[in-house]
Amino acid sequence: MKLLTLIFLALSSILQAGDLKFEKDLQEANISLKDSEVTREFKFTNTGSKEIKIKHVDPGCTCVTVEFLNGKSTYAAGESGVLRATFKIDNAQGVVDKNILIWLAGDSDEKPSSQVTFRIHIPIAIALEPKTLNWDINSKPEPKFIRVNINYEKPVLVKAVKSSSENFTAEIVTVEEGKTYDIRVTPKSTAAVGLCVIGIETDIEIEKYRSQQGFARVSNPKTHP
C-alpha cells in the first residue's frame with residue numbers, strides 16, 4: 001500500500017508539473033547602448049485541472065530580476081498570470097541570452113517545470129578580436145595582437161592599456177585613429193602557465209563602456225582550442 005501511495009504521489013507531481021504553459025518561451029528585446037535596463041513579460045496559463053503553486057524561480061544571474069504580477073504564487077485551474085523579467089545591462093554587448101527556470105510545488109530539485117529565455121540584442125560599441133590570446137607552454141614568446149574595432153557612431157580613442165601581470169607587456173598600436181587599434185601583447189616567458197588581464201581604457205562618451213578587458217594566457221595546449 002505504501003508503494004502504491006508513493007507511485008500515486010509521484011504521478012500527481014508529474015501531472016501538476018506539466019500544467020504551467022507559457023504563450024512564448026522566448027522574449028527578445030533590441031536596445032540602445034545608453035539603456036540601463038530592459039523589461040519583458042512572459043504570459044502563462046495553468047492549463048491543468050488542479051491548482052498550481054510556484055515554488056522557486058532561478059533567473060540565472062544577479063543581473064536579472066523576476067517577479068509575478070500582483071505577487072501571486074498560486075494559480076487556479078484555467079487562471080493566467082505574468083512573469084516579468086528585468087535585465088540590468090551594465091556593460092554587456094552583443095546578443096545576451098538569460099535562461100529563467102521555474103519550479104512548481106512537486107517538482108524535483110533537479111528538474112524545473114519550465115524554462116523561458118530572455119534574449120537581449122545590444123549593439124557592440126567596441127569589439128575585441130580575439131578577446132583571449134594564447135601561448136602554449138614553452139613556445140616562443142612572440143608578440144600577438146588583440147584587434148580593437150570601434151563600431152560607435154563617433155570616433156573613440158584608445159587612451160591606455162595595462163597588464164595585470166609582470167610577465168606580459170601591452171602596447172597600443174594605432175591602425176586608424178578613432179576606429180581601429182591593435183594591442184600588442186608579449187610574454188616575457190612561456191615557461192610557466194599563467195593568466196593576465198589586459199585592461200583597455202577608451203574615451204567613449206558612454207561611461208560604462210570605457211573600460212574593456214582582454215586576456216592573455218600561457219597554458220597547456222590541451223586546455224584551449
Side-chain angles (χ1 to χ4, degrees), residues 28-40 59-65 86-98 118-221 223-225:
E28 300 189 67
N30 293 287
I31 63 172
S32 76
L33 289 169
K34 295 182 180 180
D35 290 330
S36 59
E37 64 179 35
V38 60
T39 298
R40 286 294 183 268
C61 77
T62 57
C63 59
V64 178
T65 57
T86 301
F87 173 62
K88 294 183 180 179
I89 297 160
D90 195 21
N91 62 350
Q93 300 183 89
V95 178
V96 179
D97 277 356
K98 295 299 177 182
F118 192 3
R119 178 170 295 160
I120 306 96
H121 299 266
I122 310 166
I124 299 176
I126 302 173
L128 306 184
E129 299 174 6
K131 201 170 180 70
T132 301
L133 299 174
N134 294 293
W135 286 261
D136 292 341
I137 193 167
N138 294 320
S139 64
K140 184 178 180 180
E142 58 189 3
K144 295 186 179 183
F145 297 84
I146 297 175
R147 171 60 58 92
V148 182
N149 287 312
I150 309 299
N151 302 314
Y152 193 55
E153 59 192 20
K154 300 177 183 178
V156 173
L157 301 179
V158 173
K159 299 175 64 178
V161 291
K162 184 177 181 180
S163 168
S164 68
S165 169
E166 292 183 356
N167 189 46
F168 290 88
T169 61
E171 305 169 84
I172 303 168
V173 179
T174 301
V175 179
E176 181 181 354
E177 187 167 340
K179 293 295 294 182
T180 308
Y181 297 85
D182 281 336
I183 307 303
R184 180 167 50 211
V185 180
T186 309
K188 296 177 182 177
S189 171
T190 61
V193 298
L195 177 67
C196 172
V197 178
I198 305 298
I200 303 168
E201 295 297 323
T202 76
D203 69 350
I204 191 170
E205 61 186 355
I206 306 173
E207 184 175 356
K208 62 184 178 181
Y209 293 112
R210 286 178 189 163
S211 297
Q212 301 289 323
Q213 285 188 341
F215 302 91
R217 66 178 180 179
V218 176
S219 61
N220 187 303
T223 65
H224 62 77

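At least one side-chain heavy atom of Cys63 sits less than 4.5 Å from a side-chain heavy atom of Phe87. Using a 4.5 Å cut-off on side-chain heavy atoms (C-beta onward), Ile122 and Val96 make contact. The side-chain heavy atoms of Asp182 and Val148, taken from C-beta on, include no pair separated by under 4.5 Å. The shortest distance between side-chain heavy atoms of Ile198 and Gln213 does not fall below 4.5 Å. Side-chain atoms of Lys34 and Lys208, non-hydrogen and from C-beta on, never get closer than 4.5 Å to each other. Between Leu133 and Phe145, every side-chain heavy-atom pair lies at or beyond the 4.5 Å cut-off. By the 4.5 Å heavy-atom criterion applied to side chains, Val185 and Trp135 are counted as neighbours. For the pair Val173 and Tyr181, the minimum side-chain heavy-atom distance is 4.5 Å or more.
Here the NZ-OG1 distance, from Lys144 to Thr186, works out to 11.0 Å after rounding to the nearest 0.5 Å. The CD atom of Glu28 sits 9.5 Å away from atom CD1 of Ile120, with the distance rounded to the nearest 0.5 Å. Atom CG of Leu128 sits about 5.5 Å away from atom CD of Gln212, to the nearest 0.5 Å. Of the inter-residue distances, the one linking Asp97 atom CG with Arg119 atom CZ reads 4.0 Å to the nearest 0.5 angstrom. Separation of atoms CD (Glu129) and CD1 (Ile146) is listed at 11.0 Å; rounding is to 0.5 Å.
Other residues, nucleotides and ligands contribute only 12 or fewer heavy atoms inside 6.0 Å of the CD atom of Glu177. The neighbour count for Glu142 CD, taken as heavy atoms of other residues, nucleotides or ligands under 6.0 Å away, is above 12.
Although no hydrogens or angles enter the test, the distance criterion places a donor-acceptor pair under 3.5 Å between the side chain of Arg210 and the main chain of Ile204. Panel note: side chain Lys188, backbone Glu166; a donor-acceptor pair is recorded below 3.5 Å. Judged by distance alone, the side chain of Asn167 and the main-chain N or O of Ser189 form a donor-acceptor pair under 3.5 Å. In this structure, Thr190 contributes its side chain and Ile137 its backbone to no donor-acceptor pair below 3.5 Å. For Thr174 (side chain) and Glu176 (main-chain N/O), no donor-acceptor pair under 3.5 Å exists by modelled atom type. A donor-acceptor pair under 3.5 Å links the side-chain atoms of Tyr209 to the main chain of Ala92, judged by distance alone. With hydrogens and angles disregarded, a donor-acceptor distance shorter than 3.5 Å links the side chain of Gln93 to the backbone of Ile126.
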Could you go through Arg217 and Cys196, starting from their C-alpha distance and side-chain angles, then the distance that decides it, and tell me whether this counts as side chain to side chain contact (heavy atoms under 4.5 Å, CB included)? CA-CA 6 Å; Arg217 66 178 180 179; Cys196 172; over 6 Å; no
Residues Ile150, Thr180; criterion side chain to side chain contact (heavy atoms under 4.5 Å, CB included); working and verdict: CA-CA 6 Å; Ile150 309 299; Thr180 308; over 6 Å; no
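The heavy-atom pair separating Asn138 from Ala191 by the smallest distance is OD1-CA, 3.6 Å. Closest non-hydrogen pair, Pro141 versus Pro187, comes out as CB-O, 3.4 Å. Annotation for Gly178 and Leu157: closest pair N-CD2, 4.1 Å, computed over non-hydrogen atoms.
Of the N and O atoms on the side chains of Ser211 and Glu201, at least one donor lies less than 3.5 Å from an acceptor on the other residue.
Lys88 and Glu37 are not joined by a salt bridge, as no carboxylate oxygen comes within less than 4.0 angstrom of a charged side-chain nitrogen. Remark: Asp203 does not engage Lys159 in a salt bridge, criterion side-chain N to carboxylate O under 4.0 Å.
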